[in-house]
Amino acid sequence: FAVNNAPDDARAALQKAVALNDTAPEPWVALVRFLAAGGKADEARDAYAKAAAKLRPLADKPGGAAVAFLALGACRELLGDLPGAEELYKQALAAAPDDAAVAKQLVLLYERAGRKADGEKVLAALIARPTPPATKRWARRMLAFLKVGGPDGYSQVPAALELVEENLK
């Protein structure tokens with residue numbers, strides 16, 4: 001609906017999705033994204049407050065903390081609150097320290113914020129943990145990209161190659 005220049009219909013569809021299952025994180029994130037992108041910051045903040053009230057109880061359920069904090073972190077990021085998003089992503093990572101998807105959100109936030117060193121620390125910690133091989137390969141690949149992606153990237157090529165070569169073993 002939003003793509004077809006029908007924002008009212010898009011909003012109604014998102015609100016219906018939220019109403020159908022107000023404890024599912026995806027509709028809340030989509031609603032906050034839609035409102036924030038549409039320049040409705042106050043309404044997006046109100047939607048976030050409602051989402052937080054509905055999703056925070058998920059944190060008390062087994063396996064629910066990472067999901068809840070990840071969704072709320074995405075909402076905070078969409079609202080432009082990077083420190084708030086960072087805190088929620090950290091809580092999600094604490095709840096699921098071996099989850100590459102959770103680590104990825106925090107690493108990408110750090111990358112967008114120009115805090116490459118913080119992202120490298122998250123990835124190095126993930127590599128050092130007893131995580132599944134696929135997770136370690138992903139973390140080494142991301143770490144290699146971060147190392148060569150900055151202004152001093154050329155000097156980091158040997159370290160990045162070492163990480164990539166480790167993935168080939």
Side-chain angles (χ1 to χ4, degrees), residues 1-123 125-126 129 131-132 134-139 141-143 145-146 149:
F1 292 117
V3 173
N4 292 327
N5 200 24
D8 293 336
D9 292 338
R11 183 182 184 144
L14 290 168
Q15 288 172 327
K16 183 176 181 179
V18 166
L20 288 172
N21 188 358
D22 65 0
T23 59
E26 295 85 356
W28 285 112
V29 174
L31 180 60
V32 170
R33 177 180 289 117
F34 173 78
L35 294 170
K40 298 180 181 349
D42 290 337
E43 293 177 49
R45 280 190 289 276
D46 289 344
Y48 170 78
K50 291 176 186 173
K54 292 294 184 176
L55 297 179
R56 284 212 183 261
L58 287 177
D60 297 330
K61 296 182 180 176
V67 172
F69 293 137
L70 197 59
L72 293 173
C75 289
R76 295 305 309 175
E77 191 171 355
L78 290 164
L79 294 171
D81 177 12
L82 297 186
E86 177 184 4
E87 185 57 37
L88 287 160
Y89 289 156
K90 283 181 175 179
Q91 289 177 21
L93 190 58
D98 298 335
D99 191 328
V102 174
K104 179 180 181 180
Q105 285 306 116
L106 184 56
V107 169
L108 291 175
L109 174 77
Y110 286 145
E111 188 177 12
R112 285 190 293 274
R115 295 171 53 192
K116 183 177 87 160
D118 290 327
E120 289 179 4
K121 288 177 189 173
V122 171
L123 292 168
L126 193 60
R129 294 184 53 77
T131 55
T135 300
K136 285 187 184 291
R137 284 192 301 273
W138 170 83
R141 190 171 54 249
M142 281 295 296
L143 185 54
F145 280 124
L146 280 181

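All residue numbers refer to positions in the sequence shown, counting from 1.
- When the shell of 6.0 Å around NZ of K116 is examined, it contains more than 12 heavy atoms from other residues, nucleotides or ligands.
- Once rounded to the nearest 0.5 Å, the distance linking CD of E43 with CG of L31 reads 9.0 Å.
- Residues that satisfy the side-chain hydrogen bond (donor to acceptor under 3.5 Å, both in side chains) test with K54, not counting sequence neighbours, are D22.
- Counting heavy atoms from C-beta outward, E77 and L88 have side chains that stay 4.5 Å or more apart.
- With values rounded to the nearest 0.5 angstrom, L126 atom CG is found 7.5 Å from L93 atom CG.
- Annotation for P7 and F34: closest pair O-CZ, 3.4 Å, computed over non-hydrogen atoms.
- Here the closest heavy-atom approach between residue A85 and residue L109 is recorded as C-CD2, 4.3 Å.
- Here the shortest heavy-atom pairing between C75 and V32 reads SG-CG2, 3.8 Å.
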#### Entry: Step-by-step side-chain contact (heavy atoms from CB on, under 4.5 Å) determination, L78 to V29
CA-CA 9 Å; L78 290 164; V29 174; 4.2 Å; yes
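- Contact between A59 and A68 at its shortest, heavy atoms only, is N-CB, 4.2 Å.
- Atom CD of residue E111 and atom CG of residue L108 lie 6.0 Å apart, to the nearest 0.5 angstrom.
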### Task
I would like to know whether R11 and D8 meet salt bridge (Lys or Arg N to Asp or Glu O under 4.0 Å); could you show each step before the answer?
CA-CA 5 Å; R11 183 182 184 144; D8 293 336; over 6 Å; no
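- The line from CD of Q15 to CG of L35 is 7.5 Å long, rounded to the nearest 0.5 Å.
- Under the 4.5 Å side-chain criterion, counting only non-hydrogen atoms from C-beta, L82 is not in contact with Y110.
- Contact annotation: the side chain of L72 approaches that of Y48 to within less than 4.5 Å [non-hydrogen atoms, C-beta and beyond].
- Within the structure, salt bridge (Lys or Arg N to Asp or Glu O under 4.0 Å) contacts touching residues 83-98 (residues at least two apart or in different chains) are E86-K90, E86-R115, D98-R129.
- Under the side-chain hydrogen bond (donor to acceptor under 3.5 Å, both in side chains) criterion, N21 pairs with T23, not counting sequence neighbours.
- Two residues are said to be in side-chain contact when any heavy atoms from C-beta on lie closer than 4.5 Å; Y89 and V102 fail this criterion.
- Summarising the geometry, atom CG belonging to L123 is positioned 11.0 Å from atom CG belonging to D118; distances are rounded to the nearest 0.5 Å.
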### Query
Given V107 and L146, is the side-chain contact (heavy atoms from CB on, under 4.5 Å) satisfied, shown in steps?
CA-CA 9 Å; V107 169; L146 280 181; 3.9 Å; yes
